[in-house]
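Letters A, B, ... are given to chains in the order of the sequence lines, protein chains preceding strands, and every chain is numbered from 1.
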Amino acid sequence: MRLENGIAIKASQLSQSFRRADGQLVDALSSVNFEVLKGQFVCLIGPSGCGKTTLLQIIAGLLLPSSGILEVGNQVVTRPSPERGMVFQKDSVFPWMRVINNVEYGLACRGVGSGERRAIAEHYLERVGLAHVARAWPRELSGGMLKRVAVATVFANGASVLLLDEPFGALDYVTKRHLHNVLLTLWAETGRNKPRTVLFVTHDVDEALILADRILVFHTGRIVDDLALVAPRPRTTDTLLMPQMVQNKHLLLAHLGLETKQAGTGATSSIVRAAND
Amino acid sequence: MGRKSRRRGILRIDPVGIFGVFLLIMIWQALTLALPPSSLPTPSSVVARIGRDFIRAEELSFYGLADTGLLNSMIYTATNVMIAVALGSLVGTIAGFVTARFHNVRAILDPIVMTMGTIPILVLAPFFLIWFGVERMSAVLLVVLYVAVILYIFAQRAADNLDPVYEEYAYTLGASSKRIVWDILIPGTVPQVLGGIRIALAGAWGLEAIAELLGAQYGIGKIIQVLAGATDVQGIFAALIVLGLVAVISDGLAALVFAHVAAWSAAARPGGN
Amino acid sequence: MTEVRAFFRRHGVSIIVLGVMAAIWQILSLLYTTEAVPGEPMIPGWQVVFTRTLISLSDYWQGGLGVPSVAEGAPPSYTAALLAIVSNSLDTMVRLYLGLLIGGLVGTFLGLAVSWSKWSRRTVELPLQFIRTLPLLAMVPLFQLWFGIYFAGKVAFVAYGVGVIFFAGVVNAVKNVPQVYIDNARTQGANRVQLYLTIILPSIFPELRATILLSLGTAWGAVLGAEYLGAQSGLGYIIVYSEAFAYLDRMFVVALLFVFYASISYAIFNRLSLKLLQWMPRVGRVIVVG
Ligand SMILES: Nc1ncnc2c1ncn2[C@@H]1O[C@H](COP(=O)(O)OP(=O)(O)O)[C@@H](O)[C@H]1O
Ligand SMILES: [Mg+2]
C-alpha cells in the first residue's frame with residue numbers, strides 16, 4: 001500500500017448552481033463534503049449530469065463555487081495552477097501545435113529551458129508509447145493516441161493533483177485497458193518522491209474497480225456513497241472476481257440504478273431498467 | 001441547438017449593445033467639440049438635416065437636382081437594389097444548382113465565375129456606363145452581376161454539401177427529377193442560399209451607391225456626389241445615415257423573414273439541415 | 001517540365017475556358033463594330049489592344065528616367081507606355097497594401113483588445129454591426145473631404161474598410177475559440193498574455209484567413225472607388241480618365257491589369273496561408289467577391 005500522509009483535497013459544504021438560458025436554476029452540486037488523502041487514486045462515479053465535471057472544474061480553479069470552500073494542500077482554490085493538472089472530457093490537445101510542443105506546453109509557459117523541457121516531454125511521450133509521433137500534427141493521430149498525449153502532458157507538467165474527466169470514455173475496450181496500465185504505472189512510479197493524487201471521473205464500473213483506492217458515488221449533485229477498495233495491485237481479471245470486489249460491483253450497479261438496492265450476490269437479481277421501459 | 005439559439009439571437013438585442021450605440025454617439029459628439037462643423041457635424045444637426053431634406057432638399061435644386069429629397073432618392077436606390085438582388089439571386093442560384101449536378105456545365109462556368117469573383121466588380125462600372133448609358137440599367141446590371149456571383153458560389157456549395165442519400169432515397173421511391181428539385185434540393189439548401197442572399201444584399205447597397213456616384217441622374221449616390229462637389233459634409237452624413245439605416249433595416253427584415261422560411265424548410269422537409 | 005505538365009493537368013479546363021472567352025471577345029469585336037466615338041470601337045479587338053492601345057498608354061507617363069512624357073511633346077513610345085503601366089500600378093498597389101497593412105493591424109489589435117473582457121465585447125458588438133452595414137463605397141467622398149484627394153485620403157479609406165472587417169472578424173473569431181483550449185492552457189499555467197499568443201491567435205487564424213481574403217476583395221474595391229472619385233495617378237485614375245473620352249480600349253487594358261494583379265494577390269495569399277495552416281484537418285477554399 002502507498003504511504004498516505006496528510007490531506008490533498010478538502011471540500012467543505014461545496015455547492016454550485018447554474019442559471020440556464022431559459023432562466024431555470026440547476027443545482028449541479030449541493031453541499032458536498034469530502035477529503036482526499038495525498039497519493040490516493042479516487043474514482044468519481046455517477047450518472048451523467050450529476051455534477052462530476054462541475055466538481056473537477058472547481059478543483060481545477062476554472063470555476064468558483066457558488067458557496068463552500070475547496071482547499072488543495074491547505075490553500076483555498078481561486079484560480080488554476082499547474083499544481084492541478086486536468087485531462088478534459090473533450091479533446092483538448094491543441095491542433096496547431098505538434099505533439100511534442102503540446103506535451104511541453106505547460107513547462108514552456110513557466111519558462112523551463114528548451115533543452116530541459118524537451119527532455120521531459122520526450123520521456124513522457126516515450127512512456128505512453130508515442131515517441132514515434134512526437135513531430136506529428138494532432139490531426140494525424142487517432143482518438144486513443146490523443147488521449148495518451150493528454151496524459152503525457154499532464155504528467156510532464158508535474159502536477160501533484162491530477163484531474164481526469166472521463167478520459168477514456170470514448171475509447172474501444174482494448175485501448176482503454178492498455179491506457180489503464182500506462183496511467184497506473186506512471187502514477188505509481190512518480191509517487192515515491194512526490195505523491196500524485198488522482199481524481200478520475202468515470203461512469204464505467206469495471207474501470208473504477210480496476211483503478212481506484214476509493215470510489216465516491218455521486219447522484220444529483222451529492223455524494224451518496226464512499227467505498228474503499230483494498231484489493232492488491234496490480235489488479236487482474238481474477239482480482240475483479242474476488243468476493244468483495246463482486247459485492248462492490250453490485251453495490252455500484254445498484255447506485256447507478258441498474259440493479260435493485262437490496263441485491264445480494266449473483267446476477268439473477270439484476271434488473272435492466274431499459275427492459276422495463 | 002446552436003442553430004436554434006442563433007435564430008433566437010437575431011430577434012434579441014443585447015441591452016449592453018444599446019449602451020454601446022449610445023457610447024458611439026457620445027464619442028461622435030465629443031469629437032465635434034474638437035473639429036470644425038465643416039469637417040464633422042454634430043449628431044443633432046445631422047438629424048435635423050435629415051428632417052429638413054427628407055421630402056425636398058433646397059440645396060440640391062441649386063446644384064441642378066430639382067424637386068429631389070432623401071426620400072425619393074432612397075426609393076430610387078432601394079428599387080434598384082431590390083430588382084438587382086432578386087434578379088441576381090435567381091440567376092446565380094439556378095446556375096449554382098445546375099453546375100452542382102452537371103459537371104460539364106461546371107467545368108465551363110466555374111472558371112468564368114471565379115474570374116468574375118476575383119476582379120473587383122467595380123472595374124466593370126465604367127464599361128457599363130459607356131455600354132448601357134448613365135441610366136438605371138448600368139447600376140442594376142452591376143449589382144446583378146455581383147449578387148449572381150455570390151449566389152452561384154453559395155448555391156453550388158449548398159447543393160454539393162447536401163447529403164446525396166436524400167436524393168438517392170427519393171429516386172428509389174420513384175420520384176421524378178422535377179419532384180426531387182422541388183422536394184429535396186431546394187428545401188435542403190434553403191438556409192445556405194438565404195444566407196448568401198443576406199450577404200449579397202448587405203454588399204449591394206454600397207455597390208449601387210457608388211455606381212450612382214460614378215454616373216446617374218437620381219438616387220442617394222447621386223445626392224452624395226452632388227453634395228461632395230459642394231463640400232457639404234453635413235449633407236453627406238445625412239444621406240449616408242439614411243442609406244445605412246435602410247441597409248440595416250433591410251438586413252434585419254431579411255433575417256426575420258429568412259429565419260421563418262428556414263425554420264419551415266428545416267422542419268417540414270427531410271433535407272433541411 | 002513535369003511541373004508545367006502538372007499545372008496544365010490541374011488548370012487545363014480553366015485555361016481553355018479563358019482562351020475561349022478571349023476568342024469570343026475577338027469575335028464580338030468583329031461582329032459588333034459600333035464605335036463609342038469615331039475611331040473608338042465599343043468592343044476593342046485584341047489586334048487593337050496590343051498595338052494602338054498599348055502605345056497610347058504613354059499618355060499617362062509623367063516623364064523622368066530619361067524618357068520624356070507625351071505632355072512634353074515627345075511621341076508615344078512603347079517604353080513610355082511600359083513605364084506608365086509600371087508607375088501607375090505601383091501607385092495603386094502602394095495605396096492598397098499600405099491601407100491593408102494599417103487597417104489589418106489596427107483592426108486586429110482593436111479586436112483583440114475588445115475581446116479582453118466579455119463586457120467590452122458586448123458593448124461594441126451592436127454599434128459595430130451598424131458600422132459594418134454602412135455602405136463603404138458610398139463613403140469615398142467623406143474620406144476625400146477629411147483626408148484630401150491625395151495619398152493619405154486613399155490609404156485612410158482602404159485602411160478604414162479593411163480595419164472594420166478585421167475588427168469584426170477578430171471579435172467574432174475570439175468568441176468562437178473552443179473553451180476547452182483556454183481551460184486546458186490555464187490549468188497548465190498559461191498567463192493572460194501567453195493565452196493570447198499561444199492559444200487565441202493560432203486558433204482564430206483559420207477564421208481570420210477568410211477575413212483576410214474578404215478584406216483583399218474589399219481593399220481592391222476600395223482603392224478603385226477612391227481612385228475613380230479623385231486621383232492624379234493610378235490604375236483607377238486611368239480608367240475614369242479614359243471613360244471621359246470613351247477610350248474603351250484603354251479601359252479594357254487597365255481592367256485586364258486589375259484582374260491580373262488581383263488574381264495574383266489571391267493566389268499568393270492562398271499559398272502562404274495554407275502553409276501556415278498545415279495543422280488544420282482540411283482547409284476549405286474561400287472565394288470572395290469584391
Ligand atoms: N455552464 C453551465 N450552465 C448551465 N448549466 C450547467 C453548466 N454546466 C453544467 N450545468 C448543469 O449542471 C449539471 C451537472 O453538469 P456536469 O457537471 O457537466 O455533469 P457530469 O456529471 O455529466 O459531468 C447538469 O445538469 C448540467 O446541465
Ligand atoms: Mg461530465
Here the gap from A/Lys90 atom NZ to C/Gln179 atom CD, rounded to the nearest 0.5 Å, amounts to 8.5 Å
Hey, what do you get for CG (C/Asn184) to CG (A/Asn102), rounding to the nearest 0.5 Å?
-> 8.0 Å
Relative to chain C, which segment of A/Gln57 carries a heavy atom at a distance below 4.5 Å: side chain, backbone, both, or neither?
-> side chain
Would one find more than 12 heavy atoms of other residues, nucleotides or ligands at under 6.0 Å from atom CZ of A/Phe18?
-> yes
Answer yes or no: are there more than 12 heavy-atom neighbours, outside C/Leu272 itself, under 6.0 Å from its atom CG?
-> yes
Spacing of CE belonging to A/Met86 relative to CZ belonging to C/Arg186, to within rounding of 0.5 Å = 11.5 Å
Roughly how far, to the nearest 0.5 Å, is CD of C/Gln188 from CZ of A/Arg84?
-> 13.5 Å
Between the side chains of A/Ser92 and C/Tyr181, is a donor N or O closer than 3.5 angstrom to an acceptor N or O?
-> no
Output, in order, the C-alpha distance, side-chain angles, deciding distance and verdict of side chain to side chain contact (heavy atoms under 4.5 Å, CB included) for A/Trp96 and C/Leu201.
-> CA-CA 10 Å; A/Trp96 55 90; C/Leu201 272 180; over 6 Å; no
State, to 0.1 Å, how close A/Pro82 and C/Gly189 come at their nearest heavy-atom pair, and which atoms those are.
-> CD-CA, 3.9 Å
Inspect the surroundings of CG in A/Asn74 and state if more than 12 heavy atoms from other residues, nucleotides or ligands are less than 6.0 Å away.
-> no
Report the C-alpha distance between C/Thr198 and A/Met97 in whole Å, list the side-chain angles of each, state the deciding distance to 0.1 Å, and finish with yes or no for side chain to side chain contact (heavy atoms under 4.5 Å, CB included).
-> CA-CA 9 Å; C/Thr198 59; A/Met97 292 179 198; 4.2 Å; yes
Residue selection (most heavy-atom pairs with chain C, distance under 4.5 Å) from A/Val93, A/Leu163, A/Val154 | A/Val93
Give a yes or no on this: more than 12 heavy atoms of other residues, nucleotides or ligands lie within 6.0 Å of atom CZ of C/Phe260.
-> no
Can you tell me if CD on A/Glu140 sees more than 12 non-hydrogen neighbours from other groups inside 6.0 Å?
-> yes
By a 4.5 Å heavy-atom criterion (distance strictly below it), what part of A/Tyr105 contacts chain C: side chain, backbone, both, or neither?
-> both
Identify which of C/Val180, C/Asn191, C/Ile199 forms the greatest number of heavy-atom pairs closer than 4.5 Å to chain A.
-> C/Ile199
